[in-house]
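Working notes, structure below.
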Amino acid sequence: MSKAVLAVYPGTFDPMTLGHEDVVQRACQLFDRLIVAVAAGHHKKSLFTMQERVEMAREALAKYPQVTVESFSGLVRDFVVERGGKAMVRGVRAVTDFDYEFQLAGMNRHLMPDVETVFLTPSDKYQFISSTFVREIAVLGGEVHQFVSPSVQKRLVEKVRSLGRE
């Protein structure tokens, strides 16, 4: 009997986009269990709080029974190893993403040699979507419904309104 393979998909998910959801759907075809690990993102200024990002991810990914969403801070290595992860999923949209992710994968292999990094590309229709673009469009009053799930769009509208930037 084979052991269930756990993968971790880390990111800030600020907010979760349809591209992220597409990568999750692809990862679910490869792995028995997937943890979407919402990072504190110390190096980035988040629009949403950690709790809001976790809630949005849980809402958007509720249709995937093998997916759980957890938050973490610190090294992703510690998170993956503590949970017994065997793979780390990374979404790659373009060559610029790949260059950075390739370097990160090398460092992660050094830090956790028993964990493989798996690069997944989203569907063509999502390759141009980034959380940064979605945040900027929303804050500037643009429509984002084609880039995020309805529950995320609702939260984006509410967040922009609360900031007085509608």
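Note that these values count all heavy atoms, side chains included, but never hydrogens, waters or copies made by symmetry.
Rounding to the nearest 0.5 angstrom, the gap separating the CD atom in Gln51 from the CZ atom in Arg53 is 10.5 Å. Between Glu158 atom CD and Phe48 atom CZ the span is 9.0 Å, to the nearest 0.5 Å. Between the CE atom of Met112 and the CG atom of Asp78 there is a distance of 9.0 Å, given to the nearest 0.5 Å. Rounding to the nearest 0.5 Å gives a distance of 9.0 Å between CZ of Arg93 and CD of Glu101. A distance of 12.5 Å separates CD of Gln153 from CE of Met56, quoted to the nearest 0.5 Å.
Paired with Val134 under the rule side-chain contact (heavy atoms from CB on, under 4.5 Å), one option of Leu18, Thr17, Val139 passes, and it is Thr17. For the pairing with Asp14, the salt bridge (charged side-chain N to carboxylate O under 4.0 Å, His left out) check across Arg155, Lys159, Arg135, Lys45 returns one residue only, Arg135.
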Expected list for residues 118-131: side-chain donor-acceptor pairs under 3.5 angstrom, two or more places apart:
residue : atom : partner : partner atom : Å
Gln127  : NE2  : Pro122  : O            : 3.1
Ser130  : OG   : Phe133  : N            : 3.0
Ser131  : OG   : Pro15   : O            : 2.7

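Summarising the geometry of Ala57 relative to Val69, their closest heavy-atom pair is CB-CG1, 3.8 Å, with the distance given to 0.1 Å. Residues Ser71 and Val54 share a closest heavy-atom pair of CB-CG2, 3.7 Å. Smallest separation of non-hydrogen atoms from Glu143 and His145: OE1-ND1, 3.0 Å. Among all heavy-atom pairs drawn from Thr117 and Arg90, the shortest one is CG2-CG, 3.8 Å.
In this view, Tyr9 and Phe13 satisfy the ring-ring contact (aromatic ring centres under 6.0 Å, His included) rule, not counting sequence neighbours. Taking Phe31 as the reference, nothing meets the ring-ring contact (aromatic ring centres under 6.0 Å, His included) condition, with sequence neighbours excluded. Take Arg77 and apply the side-chain hydrogen bond (donor to acceptor under 3.5 Å, both in side chains) test, not counting sequence neighbours, and it matches no residue. Under the rule for a salt bridge (charged side-chain N to carboxylate O under 4.0 Å, His left out), Asp99 has no partner lying at least two apart in sequence or in another chain. In this structure, the side-chain contact (heavy atoms from CB on, under 4.5 Å) partners of Gln25, at least two apart in sequence or on a different chain, are Asp22, Gln29, Tyr64. Evaluation of the side-chain hydrogen bond (donor to acceptor under 3.5 Å, both in side chains) rule for Ser151 yields Ser149 as partners, not counting sequence neighbours. Partners of Arg33 by salt bridge (charged side-chain N to carboxylate O under 4.0 Å, His left out), not counting sequence neighbours: none found. Contacts of Gln66 classified as side-chain hydrogen bond (donor to acceptor under 3.5 Å, both in side chains), with partners at least two apart in sequence or in another chain: none. Annotation: salt bridge (charged side-chain N to carboxylate O under 4.0 Å, His left out) contacts of Glu136 (sequence neighbours excluded): none. Legend: residues meeting side-chain hydrogen bond (donor to acceptor under 3.5 Å, both in side chains) with Thr49, ordered by chain and number and at least two apart, are Glu52.
Under the 4.5 Å side-chain heavy-atom criterion for ILVMFWY residues, no single connected hydrophobic cluster contains both Leu6 and Leu34. Both Ile137 and Leu47 are part of a single hydrophobic cluster, where members link through side-chain heavy atoms under 4.5 Å apart. Val76 and Val38 fall into different hydrophobic clusters, where Ile, Leu, Val, Met, Phe, Trp and Tyr residues are linked whenever their side-chain heavy atoms come under 4.5 Å apart, directly or through other members. The same ILVMFWY cluster, assembled from side-chain heavy atoms under 4.5 Å apart, contains both Val8 and Phe72. Hydrophobic clustering (side-chain heavy atoms under 4.5 Å, transitive across Ile, Leu, Val, Met, Phe, Trp, Tyr) keeps Met88 apart from Leu111.
Residues Thr12 and Ser46 have side chains not in contact (no heavy-atom distance under 4.5 Å, counting atoms from C-beta outward). Side chains of Asn108 and Val115 form no contact here, defined as non-hydrogen atoms less than 4.5 Å apart. Between Val24 and His20, every side-chain heavy-atom pair lies at or beyond the 4.5 Å cut-off.
Clustering of Ile, Leu, Val, Met, Phe, Trp and Tyr by side-chain heavy atoms under 4.5 Å joins Leu75 with none of the others.
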Assess whether salt bridge (charged side-chain N to carboxylate O under 4.0 Å, His left out) is satisfied between Glu21 and Lys63, documenting all intermediate values. CA-CA 11 Å; Glu21 290 184 44; Lys63 62 184 167 248; 3.7 Å; yes

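Between Lys86 and Asp114 no salt bridge is recorded (no basic side-chain N to carboxylate O distance below 4.0 Å).
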